[in-house]
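So you know, we letter chains A, B, ... as the sequences are listed, proteins then strands, and number each from 1.
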Amino acid sequence: MIRDQLTDALAAALDAAGIEVDRSRITLERPARREHGDWSANAAMVAAKAAGRPPRELAAELAAWLEEPANRPAHVERIEVAGPGFVNVHLAPSWLHDVLTEVVGCIPAELGASDDGAGRAVNIEFVSANPTGPLHAGHGRGATYGDALARLLERTGWQVTREFYVNDRGTQMRHYAASLAAAAAGQPVPEDGYRGEYITRWATELPSELADGPPPAADGDDVDPLLEWGLTRALDDHRDVLDLLGVHFDVWFSERSMVGSGAIDATLADLRQRGVAYDSDGAVWLRSSDFGDDKDRVLVRSGGEPTYLLPDIAYHRDKYGRGFALLVDVWGADHHGYVPRMAAALAALGHEPDSFEAVITQLVNLQRDGEPVRLSKRAGEIVELRDVVDEVGTDAARFTFLLQSVNTAQTFDLELAKRKSMDNPVYYVQYAHARIASIVRKAEGAGIERLPLEQVDLAQLTHERELALLRALEQFPEVVADAARTRGPHKITAWLRELAGRFHGFYHDCYVVADSVDPELTQARLWLVEATRVGLVSGLDLVGVSAPDAMDVLDDDQRAVD
RNA sequence: GCCCUCGUAGCUCAGUUGGAUAGAGCGACCGCCUCCUAAGCGGUAGGCCACAGGUUCGAUUCCUGUCGAGGGCGCCA
């Protein structure tokens with residue numbers, strides 16, 4: 001890595017100047033402006049105070065030392081001092097030609113790969129919607145985010161398990177079953193019930209012996225056939241829609257399974273043994289306020305029934321028991337208040353605070369051509385995720401959900417997402433890939449074969465468009481590492497848009513296969529195009545979006561409408 | 001009242017452990033097709049980075065406060 005070479009050289013220059021400075025404070029950054037060079041160092045400004053000298057004077061000394069032929073790192077063209085004391089390094093294009101060679105030497109799945117995770121096991125739990133109804137549009141964001149994060153962590157050396165927690169017991173399930181029963185009997189949904197449109201729709205699917213049967217038992221753990229049917233119906237829906245979205249789970253973990261296994265009782269016993277649970281007012285409490293929570297929380301109600309918290313703790317205890325070094329939970333915004341008590345509970349069980357992370361995904365506001373899609377929460381109106389995916393397609397849905405950071409509320413415009421035009425980022429990026437395939441076809445059609453890389457003169461690549469493309473590719477490994485570390489897959493879509501943009505500029509200004517292009521240049525450009533293809537496929541793979549070889553061509557009428 | 005996430009161009013959003021003249025796309029306006037898909041490319045206009053202090057050589061970034069938006073504060077899940 002040239003960055004490391006430059007950092008080493010800079011440290012040597014500081015040594016030579018007799019200046020001691022904390023090495024970690026010396027950083028090399030990519031300047032925002034091209035004329036500031038390829039890399040910029042702040043070392044002189046950082047060291048100025050300790051050295052008691054003006055930063056620019058120091059910078060000049062460092063620059064002079066680095067320009068000495070004996071000290072000059074590879075590819076360095078010139079070094080300048082600028083601004084308040086930056087040392088700017090300008091590199092020769094040859095360093096980017098080396099980047100090209102590195103990129104085409106990788107298959108897409110290897111590009112940006114690292115060993116940051118060191119093979120540790122991470123469990124990513126996401127979606128985990130209650131099996132009391134269909135997934136809605138908001139779940140799509142969590143589903144896509146969780147899956148993309150999983151892909152990022154896999155790329156960076158983690159062993160990933162994708163997990164869905166099924167809340168298949170408790171009061172919500174009983175309300176759900178009662179709602180189905182009421183709808184089947186043509187009666188109004190009970191006060192605490194679910195009143196979405198899907199209830200009546202699903203009720204019509206009930207087999208007659210269930211639809212006509214007696215109302216479900218009000219409580220108890222007796223098996224209620226109607227509830228079982230409803231559970232299966234909802235889970236089938238979830239699995240099906242997630243499949244459409246290209247999201248697949250390794251584990252569907254049943255809350256109910258922990259009753260039979262004794263995991264819930266064992267967890268309570270564990271908490272008591274650690275002295276972090278106590279009895280008061282007939283209930284059992286968790287001493288969560290000792291672990292950063294606002295107040296203590298009830299684990300078992302005075303009536304003897306556990307709250308939702310206890311099975312959740314048992315569930316996370318189970319995950320630790322399966323050997324995961326890191327647990328990541330992806331939750332909707334309406335659960336963020338739940339984070340401190342969960343973290344407190346896991347700390348109370350003796351786990352490292354860093355081993356549990358909760359990512360909160362903010363809301364998704366649906367729009368259609370700029371107009372908000374209004375829903376009545378009281379009437380239980382939702383936009384089903386299935387409808388979103390059906391309307392805009394898997395690729396567009398995924399890419400759009402991943403366009404921005406999950407900690408800001410998202411505006412998702414259905415019309416924009418499905419539009420096949422330049423204002424839709426997913427098509428902009430995919431179109432770049434299709435253009436590459438088109439160039440390859442064109443070359444084949446012209447009988448031009450791409451020669452082995454070692455026979456090609458990459459020094460032919462000097463056009464600013466060509467270099468800009470290589471600069472974007474050069475950054476990819478860092479972007480991947482950063483996106484994984486900060487749990488931000490939106491940084492991948494941002495990079496893809498950048499790369500695609502630079503490719504479209506190249507495509508416009510630099511023909512690859514044409515009579516006007518020298519054959520040697522064609523060869524170099526064919527390799528540049530191949531490197532770009534590897535980058536696009538690699539990035540698209542991280543977000544689970546396809547890289548098509550051709551796009552549907554709009555006819556003239558449609559184009560005129562655009 | 002307390003907590004969480006935010007507040008950046010007309011709109012949707014980026015903004016790299018604090019860096020130089022704050023960016024992209026869309027929208028608006030002006031240009032560009034004998035040649036690999038014009039679903040593209042180039043240019044112009046558009047900003048008190050919500051506001052006020054503080055830390056720093058340097059703050060959109062870190063700290064405090066104010067205002068504004070959304071969400072959360074149950075022996076509900």
Pairing partner of [N] (Watson-Crick or G-U wobble, both distances under 3.5 Å):
{"N": "B:rG27", "result": "none"}
{"N": "B:rG7", "result": "B:rC67"}
{"N": "B:rA20", "result": "none"}
{"N": "B:rG74", "result": "none"}
{"N": "B:rU61", "result": "none"}
{"N": "B:rC33", "result": "none"}

Does [N] have OP1 or OP2 sitting under 4.0 Å from an N or O in the side chain of [X]?
{"X": "A:Lys295", "N": "B:rC73", "answer": "no"}
{"X": "A:His490", "N": "B:rG15", "answer": "yes"}
{"X": "A:Asn407", "N": "B:rC6", "answer": "yes"}
{"X": "A:Arg30", "N": "B:rG15", "answer": "no"}
{"X": "A:Gln404", "N": "B:rC13", "answer": "yes"}
{"X": "A:Thr408", "N": "B:rA14", "answer": "yes"}
{"X": "A:Arg3", "N": "B:rU16", "answer": "no"}
{"X": "A:Thr411", "N": "B:rC13", "answer": "yes"}
{"X": "A:Arg341", "N": "B:rG74", "answer": "no"}

Can [X] and [Y] be counted as having a side-chain donor-acceptor contact under 3.5 angstrom?
{"X": "A:Glu255", "Y": "A:Asn167", "result": "yes"}
{"X": "A:Asp395", "Y": "A:Ser546", "result": "yes"}
{"X": "A:Arg435", "Y": "A:His504", "result": "yes"}

inquiry  = Assuming nearest nucleotide by heavy-atom distance, tell me which of A:Ala409 and A:Val512 is located more 5' along RNA chain B.
reply    = A:Ala409
query = Where each residue is assigned the nucleotide of RNA chain B containing its nearest heavy atom, which of A:Ala333 and A:Arg485 is assigned the position nearer the 5′ end?
reply = A:Arg485
Rounded to the Å, how far apart are [X] [atom1] and [N] [atom2]?
{"X": "A:Gln410", "N": "B:rC13", "atom1": "CD", "atom2": "P", "value": "7 Å"}
{"X": "A:Arg502", "N": "B:rG42", "atom1": "CZ", "atom2": "C1'", "value": "16 Å"}
{"X": "A:Asp281", "N": "B:rG74", "atom1": "CG", "atom2": "P", "value": "16 Å"}
{"X": "A:Gln367", "N": "B:rC11", "atom1": "CD", "atom2": "C1'", "value": "9 Å"}
{"X": "A:Tyr176", "N": "B:rA77", "atom1": "OH", "atom2": "P", "value": "19 Å"}
{"X": "A:Leu363", "N": "B:rA69", "atom1": "CG", "atom2": "P", "value": "16 Å"}
{"X": "A:Ile492", "N": "B:rG15", "atom1": "CD1", "atom2": "P", "value": "12 Å"}
{"X": "A:Leu366", "N": "B:rU12", "atom1": "CG", "atom2": "C1'", "value": "15 Å"}

query = Any cation-pi pair here, A:Arg3 with A:Trp39, using under 6.0 Å and within 45°?
reply = no
task = Identify whether NZ of Lys or CZ of Arg in A:Arg141 sits under 6.0 Å from the centre of the six-membered ring of A:Phe401 and within 45° of that ring's axis.
result = no
Thinking salt bridges, do [X] and [Y] make one under a 4.0 Å N-O criterion?
{"X": "A:Arg272", "Y": "A:Asp279", "result": "yes"}
{"X": "A:Arg471", "Y": "A:Glu464", "result": "yes"}
{"X": "A:Asp413", "Y": "A:Arg419", "result": "no"}

message = Considering every strand and a 4.0 Å limit on heavy-atom distances, what is the contact class for A:Asp482: base, sugar-phosphate, or nothing?
response = nothing
query = NA contact type, A:Asp413, heavy-atom cut-off 4.0 Å: base, sugar-phosphate, or nothing?
reply = nothing
request  = Decide, applying a 5.5 Å centre-distance limit and a 30° plane-angle limit (both strict), whether A:Tyr507 stacks on B:rC41.
outcome  = no
task = Answer yes or no for this row: A:Tyr511 ring on B:rC35 base, centroids under 5.5 Å, planes under 30°.
result = yes
inquiry  = I want to verify a distance call: between B:rA77, B:rC36, B:rC32, whose nearest atom is closest to the A:Ile439 side chain?
reply    = B:rC36
request  = Go through B:rC75, B:rC36, B:rC76 for me and flag the one nearest to the A:Gln172 side chain.
outcome  = B:rC76
For atom [atom1], what is the distance between [N] and [M], given to the nearest Å?
{"N": "B:rG10", "M": "B:rG46", "atom1": "C1'", "value": "8 Å"}
{"N": "B:rA45", "M": "B:rG7", "atom1": "P", "value": "27 Å"}
{"N": "B:rC6", "M": "B:rC36", "atom1": "C1'", "value": "45 Å"}
{"N": "B:rU16", "M": "B:rA59", "atom1": "P", "value": "16 Å"}
{"N": "B:rU5", "M": "B:rG43", "atom1": "P", "value": "39 Å"}
{"N": "B:rG70", "M": "B:rU8", "atom1": "P", "value": "15 Å"}
{"N": "B:rU60", "M": "B:rG53", "atom1": "P", "value": "13 Å"}
{"N": "B:rC41", "M": "B:rG25", "atom1": "C1'", "value": "15 Å"}

Each nucleotide N or O in nucleotides 19-26 of chain B that has a protein N or O under 3.5 Å away: list the pair and distance.
residue: B:rA20; atom: N6; partner: A:Ser40; partner atom: OG; Å: 2.6
residue: B:rA20; atom: N6; partner: A:Asn88; partner atom: OD1; Å: 2.9
residue: B:rA20; atom: N1; partner: A:Asn88; partner atom: ND2; Å: 3.0
residue: B:rU21; atom: O2'; partner: A:Arg33; partner atom: NH1; Å: 3.4
residue: B:rU21; atom: O2; partner: A:Arg33; partner atom: NH1; Å: 3.2
residue: B:rU21; atom: O2; partner: A:Arg33; partner atom: NH2; Å: 3.3
residue: B:rU21; atom: N3; partner: A:Arg33; partner atom: NH2; Å: 3.2

A:Arg287 vs A:Asp296, salt bridge (charged side-chain N to carboxylate O under 4.0 Å, His left out): CA-CA, chis, key distance, verdict = CA-CA 5 Å; A:Arg287 218 175 281 283; A:Asp296 292 349; 5.2 Å; no
query = Has the side chain of A:His336 got a donor or acceptor atom sitting under 3.5 Å from an opposite partner on the base of B:rG72?
reply = no
query = If anything within 90° of 0 is syn and all else is anti, what is B:rC33?
reply = syn
ask   = Picking from A:Leu310, A:Val276, A:Leu268, what satisfies side-chain contact (heavy atoms from CB on, under 4.5 Å) with A:Leu286?
value = A:Val276
task = Just jot down the side chain to side chain contact (heavy atoms under 4.5 Å, CB included) partners of A:Pro31, sequence neighbours excluded, or say none.
result = A:His36, A:Ser40
